[in-house]
Number of protein chains: 2
Amino acid sequence: MDLTLQQLRGFSAVAEELHFGRAAARLNLTQPPLTRQIQGLERSLGVSLFDRTGRGVRLTAAGEVFLEHCRRVLALLEVAPDATRRAADGQTGTLRIAFTAIGAYAVLADFLAMVRKRTPGVSVELTELVSPDQLQALADLEIDIGLVRPPIPDGFESLLVHSEDLVLAVPADHPLAVGSGLVGAGPVSLADVTDDYIGYSPEGSRYLHDICAAMIGMNRYAVSQLASQVPTMLALVRAGLGCALIPRSIVAMGVQGVRYRELDAADAHSVTLHACWSPDSPNPALQRLAESLRQTPQLDA
Amino acid sequence: MDLTLQQLRGFSAVAEELHFGRAAARLNLTQPPLTRQIQGLERSLGVSLFDRTGRGVRLTAAGEVFLEHCRRVLALLEVAPDATRRAADGQTGTLRIAFTAIGAYAVLADFLAMVRKRTPGVSVELTELVSPDQLQALADLEIDIGLVRPPIPDGFESLLVHSEDLVLAVPADHPLAVGSGLVGAGPVSLADVTDDYIGYSPEGSRYLHDICAAMIGMNRYAVSQLASQVPTMLALVRAGLGCALIPRSIVAMGVQGVRYRELDAADAHSVTLHACWSPDSPNPALQRLAESLRQTPQLDA
DNA sequence: ATCGACCGATACCGAGGGCGCATGGATTTG
DNA sequence: CAAATCCATGCGCCCTCGGTATCGGTCGAT
């Protein structure tokens with residue numbers, strides 16, 4: 001025979017009232033079943049919990065100890081349902097968010113602030129992954145939200161998080177590296193660029209690869225090197241292996257030995273970053289955030 | 001409808017096995033009632049704890065949270081019976097021990113060491129009380145053990161803890177204060193003492209009062225002052241109001257301005273200190289100690 | 001000392017709940 | 001497409017638990 005919650009509640013009531021009748025009334029019960037509960041409890045434990053002194057009862061030392069345990073158990077049981085319901089509502093829990101190295105510089109801080117504001121009480125776990133890996137992880141339910149570049153495959157919901165144009169990165173000793181500041185004087189036309197380009201890898205960064213290829217023309221693109229990580233590309237630019245088209249937010253990295261120029265309006269092209277998630281994720285915290293975003297998709301809301 | 005321990009155990013088993021059949025087998029149950037337990041639990045909480053994916057089950061986020069609470073509750077419930085039984089056996093608990101100011105100097109440390117050795121795991125609370133108050137507190141169940149001087153009233157068990165003889169305390173400038181050290185050269189006879197005596201109060205220290213009165217003779221005793229606390233008596237001796245008969249262990253207090261002399265074998269008298277307790281105390285820790293003392297009453301055993 | 005009030009323990013009975021057995025429905029596998 | 005696997009459901013039985021009535025003991029008042 002093992003313990004029952006009814007026994008614990010009954011014992012706790014009797015221990016507090018020191019009176020079977022009043023305790024029974026508090027439990028919406030009559031006295032006899034309560035007596036039997038306590039008797040059964042004492043039989044299970046092999047211990048007397050009360051001294052029956054004819055007139056009222058008194059806790060034994062063992063009863064005092066058991067009462068302590070009782071209170072702890074009942075207190076835990078008191079909060080467990082609410083905690084569970086909050087978890088089911090997404091009011092508590094964890095959001096696993098992945099981001100790209102590029103995205104981290106421009107938008108991660110603002111995005112996390114928005115998440116905290118919309119889902120307070122939810123904690124965040126961060127992972128850095130390239131876009132294709134993020135989509136795979138989303139499908140495998142290993143992450144909840146990815147900060148990815150297009151295209152967004154079917155079956156995912158997404159939100160435009162950031163849009164910026166591309167700028168031309170050139171070595172600091174390049175003829176186009178003129179003007180004050182990191183971004184030099186005035187826009188340049190791509191037609192004026194005679195150097196090789198550092199291209200994006202069509203596997204790791206298909207989106208930027210395709211856009212740049214379209215902007216420059218396949219014949220002149222990627223003749224020098226292919227890289228998928230922006231820091232790598234900047235290192236190649238700095239080494240004089242060519243120039244590159246880089247999202248503007250990367251300028252803030254302040255990499256030594258690299259200067260930038262804006263592009264003509266005719267050549268300018270913007271690239272976007274999207275928060276992406278699976279609409280049928282089992283994570284209630286994600287569901288809650290998604291619902292909030294569906295109602296007010298503004299990032300600063 | 002509220003939670004049941006069976007539901008918690010059932011949920012915990014299913015959450016660990018992720019399989020109703022195996023979980024049911026582990027619980028010595030068939031699968032249908034287990035399914036109903038989980039259903040009832042989910043209905044009580046208003047929350048889905050498992051995703052039934054046709055092939056096996058998976059915990060929801062709410063299920064993860066509830067499982068944490070479950071484990072804590074079940075772990076508490078696991079240890080509660082043992083802890084309670086240990087308390088009932090007196091292997092844990094508290095002994096409330098009272099002592100007199102006099103007794104504290106000579107024997108309290110050794111006595112507490114003996115208690116710790118015989119009842120490890122039991123904590124001790126200390127109170128200083130004069131002997132009559134100790135006996136009252138014992139009767140009122142406010143303390144468990146008193147370190148008192150005789151007589152021990154009927155209805156109490158006791159153990160001789162300490163025995164020592166009385167020495168004569170005289171002012172430092174007294175004719176009898178000769179010899180090196182706190183206790184001067186050789187024994188003296190009470191017949192050689194012509195001074196007044198500081199006497200013990202017959203209310204606060206009846207035992208010492210009676211013994212001293214018998215030693216000296218009522219006519220010469222207590223003509224100067226009455227005191228019940230030994231430190232007070234030593235202060236009076238130092239002030240030159242008389243001499244006093246003091247338990248030898250008090251010499252170790254090293255009170256300034258007081259010297260001591262041993263008494264003739266004919267006059268010597270020993271006083272005792274006893275640990276005293278009520279044999280029908282409800283404190284199992286005391287019962288355990290008492291049983292241990294009944295078997296081996298030696299203090300150093 | 002005796003009666004009455006109070007309190008916990010016990011006996012008995014009836015209703016509800018939980019278990020097992022048998023089976024259904026859904027999904028996956030060969 | 002058939003078999004296997006797994007969870008859900010319907011049903012009948014038994015056990016358990018709660019309520020009523022009563023007993024036994026202690027304490028307090030007269």
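Throughout, a chain's letter reflects where its sequence line sits, starting with A, and its residues are numbered from 1. Predicted model, so just to flag it, every value in this text is computed and none were measured.
Without hydrogens or angle criteria, B:Q287 side chain to B:S281 main chain gives a donor-acceptor distance under 3.5 Å.
Between the P atom of C:dC19 and the CG atom of B:L34 lies a distance of 9 Å, rounded to the nearest Å. When rounded to the nearest whole Å, the span between CD1 of A:I38 and P of D:dG18 equals 12 Å. Distance, A:R58 CZ to D:dT26 P: 15 Å, rounded to whole Å. With rounding to whole Å, A:R9 atom CZ is found 16 Å from D:dC17 atom C1'. For B:L41 and D:dA8, the CG to C1' distance is 17 Å, given to the nearest whole Å. When rounded to the nearest whole Å, the span between CD of A:Q37 and C1' of C:dT10 equals 16 Å. In this structure, A:L59 atom CG and C:dG8 atom P are separated by 13 Å, rounded to whole Å.
In summary, the side chains of B:E291 and B:Q295 do present a donor paired with an acceptor at a separation below 3.5 Å, with no hydrogens or angles considered. For the residue pair A:T296 / A:R118, a side-chain donor-acceptor distance below 3.5 Å is found, with atom types taken as modelled. Neither side chain, A:T35 nor A:Q39, offers a donor N or O lying under 3.5 Å from an acceptor on the other.
The side chain of A:Q6 places no N or O atom within less than 4.0 Å of a non-bridging phosphate oxygen (OP1 or OP2) of D:dT16. Residue A:T35 has a polar side-chain atom (N or O) positioned under 4.0 Å from OP1 or OP2 of C:dA9. At the phosphate of D:dT9, OP1 or OP2 sits under 4.0 Å from a side-chain N or O atom of B:Q39.
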Please output the side-chain donor-acceptor pairs of residues 143-150 of chain B that fall under 3.5 Å, not counting sequence neighbours, one pair per line with the distance.
residue	atom	partner	partner atom	Å
B:D144	OD1	B:R96	NH2	3.1
B:D144	OD1	B:N283	ND2	3.3
B:D144	OD2	B:R96	N	2.8
B:D144	OD2	B:R96	NE	3.2
B:D144	OD2	B:N283	ND2	3.0
B:R149	NH1	B:T272	O	3.1

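The salt bridge (charged side-chain N to carboxylate O under 4.0 Å, His left out) check on A:E17 picks up A:R22, A:R26, with sequence neighbours excluded. Applying the salt bridge (charged side-chain N to carboxylate O under 4.0 Å, His left out) criterion to A:R58, with sequence neighbours excluded, gives A:D51.
Every pair tested for ring-ring contact (aromatic ring centres under 6.0 Å, His included) that includes a residue from residues 74-101 of chain B fails, sequence neighbours excluded, so the list is empty.
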I'd like to know whether A:F11 forms a ring pair (Phe, Tyr, Trp, His ring centres under 6.0 Å) with A:F50, so could you lay out the CA-CA distance, the side-chain angles of the two residues, the decisive distance to 0.1 Å, and finally the verdict.
CA-CA 10 Å; A:F11 168 75; A:F50 292 104; 5.4 Å; yes
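Residue side chain B:R36 does not reach the base of C:dG18 through any donor-acceptor N/O pair under 3.5 Å, judged by distance alone.
Near-neighbour residues of DNA chain D inside residues 14-33 of chain A, defined by a heavy atom below 4.0 Å, number-ordered: A:L29, A:T30, A:P32, A:P33. Listed by residue number, A:R52 are the residues of residues 45-53 of chain A with a heavy-atom contact under 4.0 Å to DNA chain C.
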